[in-house]
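All remarks here apply to the structure that follows.
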Amino acid sequence: MFTWRTTIVVYEDSPYGARILAGLFYTLQGYNIRIMDSIALPVGVTEDYLNKVLYNIKETPTRVFIVHMHPDLAARVFYQATIAGMMSDGYIWIATSSIGGVVESFSPNKIDHMQGVVTLRPYVQATDHIMNFTARFKSRFQMENPGIHDVPNPSTQLLWAYDTAWALAKAVHIARVSSSTPGRMLLGAVLNTTFDGLAGRFSLLNGQLQLSTHEVINIVGKGARTVGFWTPESGILKSLETNSVTGLKQVLWPGHLAIAPKGWDVSSNKRPLRMVVPEKQGFNEFIEITYSPTSNSSTARGYCIDIFDMVMKNLPYPVAYHYVPLSDSSQNYDNLLSLVQEKKADGMVGDTTITMSRMNMVSFTKPFTDTGLSMVVVVKEETEGGMWIFLQPLTTTLWITSLAFFCFTGFVVWVVEHRINPKFRGTPCQQFGTAFYFAFSTLVFSHKEKLESNLSRFMVIIWVFLVLILTSSYTANLTSVLTVQRLQPTVTSVQDLLRNGDYVGYHKGSAVPYWLEKMGFRKEILLGYSTVEEYADALRRGSGNGGVSAIFDEIPYLKAFLSKYCEGYTMIGPTYRLGGFGFAFPIGSPIVHDVSQAILSPAVQEEMERIEKKWFGDLGACQSKSNSVGSSSLGLSSFSGLFLVSGTVSGLVLLIQLAIFVYQEHNKLWDTSLHKWFQCLDFLVGAKDWRLPIFNGPHIRNDDSVNQPHGATTEVTAMHDFTSPL
């Protein structure tokens, strides 16, 4: 509920105290809560040992403590914690129900040393039965103990004891116990006994009383007050009403704080955090240490310093810290991280790459830079165009698609015009030439054939518009290809480097060589460099002249390089995922979670962009220059909408023209088709002397003579008079 991430468990060194540890550890881990330590206290612990334990845990940054022990030992722990100053502002003490259930029985002196403790107790509803029992209990207690005037209310344990006595009495009655009754029979009768007692429903499962609801109580003043409830179904609630909201009522923490403490303290002795800053050669944009001889002090500045300062200002609480510059001749950050691991420093600020091995030493925040490994290579101007340079502005797919549409447009124009336009008639060769000459002449808008049909005119208007856009784009891109300086990288892929066996460079002192060897590079061709000037010199000389063909490094370093050497170099190739830069703290430090949350907040992200521009300039402008590696060819996707419209219109015109043709010529088409059918029929039946002078009347059978004399009679036979086998 309060987003505390770490805790220390203090428990009684006995079977009773250790019983809940396994379940408690498992549950807390499920909520991503880290148990920093678990401390067992003997029942008869001495005062000196108890003080030593308390002062040891006071030195840790954790301020949340879970206490599970019998009430007498707990009272001693809270008394010594008060003396040690651990019942004051910033501390949180949570006690189990072993203490919450008997709060009423504590003396006022013990209560004074438990102010602000939050604990739990089984919830017992204040029924009329309990009120009656309480009045009778106090009256009888004062009668038997006349010297005691302040009688506390019966505790939950007392109510359980009362219900247990009733359970035993019921079991004796049911089992009809006598002196000869076996003990296991009586035990079985008790375990099976259920009834509504003072403390609620009395029911045992595996020998344990089943409890469903707990009260969350806060010890303040002379006793405890209820601040909430817990049920297995609903979790923590402010009340047990039907529409109750989740959460707790106002809690007064140790030191009478009404605001919940953050749960940890960056420094137990209130000193500023000691943040180690590496002194390094090269890439001073990230970290730079300057010394002042007059004041004998050092100052840290750079991109990483500005990011850390800005993030710490955005934490919900103030944190005091100062930078401690340290140098390492080997430039191995692992040596500096070991200081954080050994608690000799409180953290490390710098261009520290997050790796798996380092995560076993320290806890890293979320990365505050781009993550990944890439390479920088030299780019050179490409001067040779080639005899086929005029094809470069368009992709092969666009060339083929354009040619197909030219042919299709010419064909549709011919279909529409050749029956009504004399210029589209003639021999087949003439018609073919006219149609396709018309289509391709639209490239320069020199088509002279006059169109007669409105359908073809409408289609050509759409087509000419497409041609206008296409030719204009082609001309512009061809001009760019011929005039703009075209830069090409000397190396295009990691495979080229591996195939040629070229030397490659890396950032000295980084983990890049490990990854390069994983890619397949031999160790003897890897050269380390420390500054951006060395990077530029090595790339300029090249692999054959004592330099390298490519520099591999993390993206932040490559951006810093390109910010100074924008022209002549470019970042290419795939990006290999790495951890990025992060701030390091000791393992288990609660500040890691808060710093990571601050890094991911939108306000901090915007400020980080501003800081990046401050130290590295506008990388977008440089990348636009580096990325101008030749003019890209225009693809089909750029004109797919125009081709779709033109193709749809041409297809509709073709369908409309075919429909008109069929409508106008359907009679002739029908007669011709019928005539061809009867000729086929004559051939099949072998009746060669049958003729079809009439198409929609009876068939006429002529005499064998081809030329009948004038006036001769003819025999008319209908189709059903045929006697052929067909």
Side-chain angles (χ1 to χ4, degrees), residues 2-14 17-18 20-22 24-25 27-29 31-96 98-99 110 113-119 219 253-255 257 260-271 273-274 317 319 340-347 362-363 585-594:
F2 298 100
T3 65
W4 297 321
R5 294 287 174 237
T6 60
T7 185
I8 293 177
V9 179
V10 183
Y11 66 97
E12 180 181 305
D13 189 8
S14 67
I20 71 165
L21 290 183
L24 179 63
F25 284 20
T27 303
L28 293 180
Q29 289 176 358
Y31 285 92
N32 196 26
I33 298 172
R34 185 183 181 90
I35 297 179
M36 303 305 298
D37 199 359
S38 57
I39 301 172
L41 296 178
V43 177
V45 61
T46 63
E47 183 176 323
D48 291 341
Y49 181 77
L50 182 56
N51 286 334
K52 181 180 178 180
V53 168
L54 291 175
Y55 278 104
N56 285 339
I57 63 177
K58 185 179 180 180
E59 291 297 317
T60 66
T62 302
R63 291 294 179 264
V64 182
F65 307 105
I66 297 176
V67 179
H68 176 62
M69 55 189 63
H70 282 106
D72 292 340
L73 180 58
R76 294 182 59 196
V77 169
F78 288 123
Y79 174 76
Q80 294 301 134
T82 303
I83 297 177
M86 299 175 65
M87 299 299 295
S88 57
D89 299 357
Y91 288 88
I92 300 106
W93 293 88
I94 302 174
T96 60
S98 61
I99 299 169
K110 293 180 179 179
H113 299 299
M114 299 173 65
Q115 296 295 303
V117 174
V118 175
T119 182
I219 301 177
W253 305 97
L257 286 180
K262 60 179 180 289
W264 59 275
D265 193 357
V266 292
S267 178
S268 58
N269 54 13
K270 305 303 180 182
R271 60 170 174 76
L273 295 180
R274 299 163 299 172
Y317 45 83
V319 177
V340 181
Q341 182 184 21
E342 297 167 2
K343 304 293 181 67
K344 296 179 180 179
D346 298 313
V362 295
S363 291
F585 293 92
I587 291 179
S589 175
I591 198 174
V592 174
H593 178 267
D594 295 338

**Prompt:** Less than 4.5 Å apart, any side-chain heavy atom of K262 and any of T3?
**Reply:** no
**Asked** Does a side-chain heavy-atom distance below 4.5 Å link F2 with P261?
**Response** no
**Request:** Side-chain contact test, heavy atoms from C-beta onward, threshold under 4.5 Å: evaluate it for F25 versus I35 and give yes or no.
**Result:** yes
**Request:** Check whether any side-chain heavy atom of I94 sits under 4.5 Å from a side-chain heavy atom of V67, and report yes or no.
**Result:** no
**Donor-acceptor pair, side chain of R5 and main chain of V592, under 3.5 angstrom** = no
**Request:** Heavy atoms only: give me the nearest F78-I99 pair and the separation to one decimal.
**Result:** CE1-CD1, 4.3 Å
**Message:** Looking only at side-chain N and O atoms, does E12 offer a donor or acceptor that is under 3.5 Å from a partner on H70?
**Reply:** yes
**Asked** In chain order, what residues pass the side chain to side chain contact (heavy atoms under 4.5 Å, CB included) check against I39, with sequence neighbours excluded?
**Response** I8, D37, L41, V53, I57
**Prompt:** Would you call Y49 and P42 a side-chain contact if the rule is heavy atoms closer than 4.5 Å?
**Reply:** yes
**Item:** Test item: L24 and Q29 side chains (from C-beta on) under 4.5 Å apart, heavy atoms
**Value:** no
**Message:** For the CH2 atom of W264 and the OG atom of S589, what is their distance to the nearest 0.5 Å?
**Reply:** 6.0 Å
**Request:** List the atom of V340, the atom of P586, and the distance in Å for their closest heavy-atom pair.
**Result:** CG1-N, 3.5 Å
**Message:** According to side-chain hydrogen bond (donor to acceptor under 3.5 Å, both in side chains), who are the partners of Y317, at least two apart in sequence or on a separate chain?
**Reply:** D594
**Value rounded to 0.5 Å, distance of CD1 in I66 from OG1 in T96** = 9.5 Å
**Prompt:** Which value, rounded to the nearest 0.5 Å, describes the distance between S14 atom OG and L73 atom CG?
**Reply:** 8.5 Å
**Prompt:** Which heavy atom in P254 sits nearest to a heavy atom in G116, and how many Å separate them?
**Reply:** CD-O, 3.5 Å
**Message:** Using every non-hydrogen atom in the two residues, find where V45 and L50 come nearest and quote the distance to one decimal.
**Reply:** CG2-N, 4.0 Å
**For H113, all residues meeting side-chain hydrogen bond (donor to acceptor under 3.5 Å, both in side chains), sequence neighbours excluded** = none
**Request:** Report the residues that fulfil salt bridge (Lys or Arg N to Asp or Glu O under 4.0 Å) with R76, sequence neighbours left out, ordered by chain and then residue number.
**Result:** none
**Fill in**
Taking every heavy atom of S98 against every heavy atom of M69, the minimum-distance pair comes out as OG-O, 2.9 Å
**Asked** With A81, which residues qualify under side chain to side chain contact (heavy atoms under 4.5 Å, CB included), at least two apart?
**Response** L54, M86, M87, W93
**Request:** Using the test side-chain hydrogen bond (donor to acceptor under 3.5 Å, both in side chains), find all partners of N56 that sit at least two apart in sequence or belong to another chain.
**Result:** none
**Fill in**
Sorted by chain and residue number, the side-chain hydrogen bond (donor to acceptor under 3.5 Å, both in side chains) partners of T82 (sequence neighbours excluded) come out as none
**Prompt:** Do side-chain atoms of T6 reach the backbone of T62 as a donor and acceptor pair under 3.5 angstrom?
**Reply:** no
**Message:** The criterion is side chain to side chain contact (heavy atoms under 4.5 Å, CB included); which residues satisfy it with L257, sequence neighbours excluded?
**Reply:** D89, W253
**Prompt:** Mind checking what makes side chain to side chain contact (heavy atoms under 4.5 Å, CB included) contact with R274, not counting sequence neighbours?
**Reply:** R271, H322, V324, D346
**Asked** Is there a side-chain contact between Y79 and E47, using heavy atoms and a 4.5 Å cut-off?
**Response** no
**Prompt:** Are side-chain heavy atoms of W4 and I33 found at a separation under 4.5 Å?
**Reply:** no
**Prompt:** Could you state the interatomic distance from CD1 (I587) to NZ (K343), rounded to the nearest 0.5 Å?
**Reply:** 9.0 Å
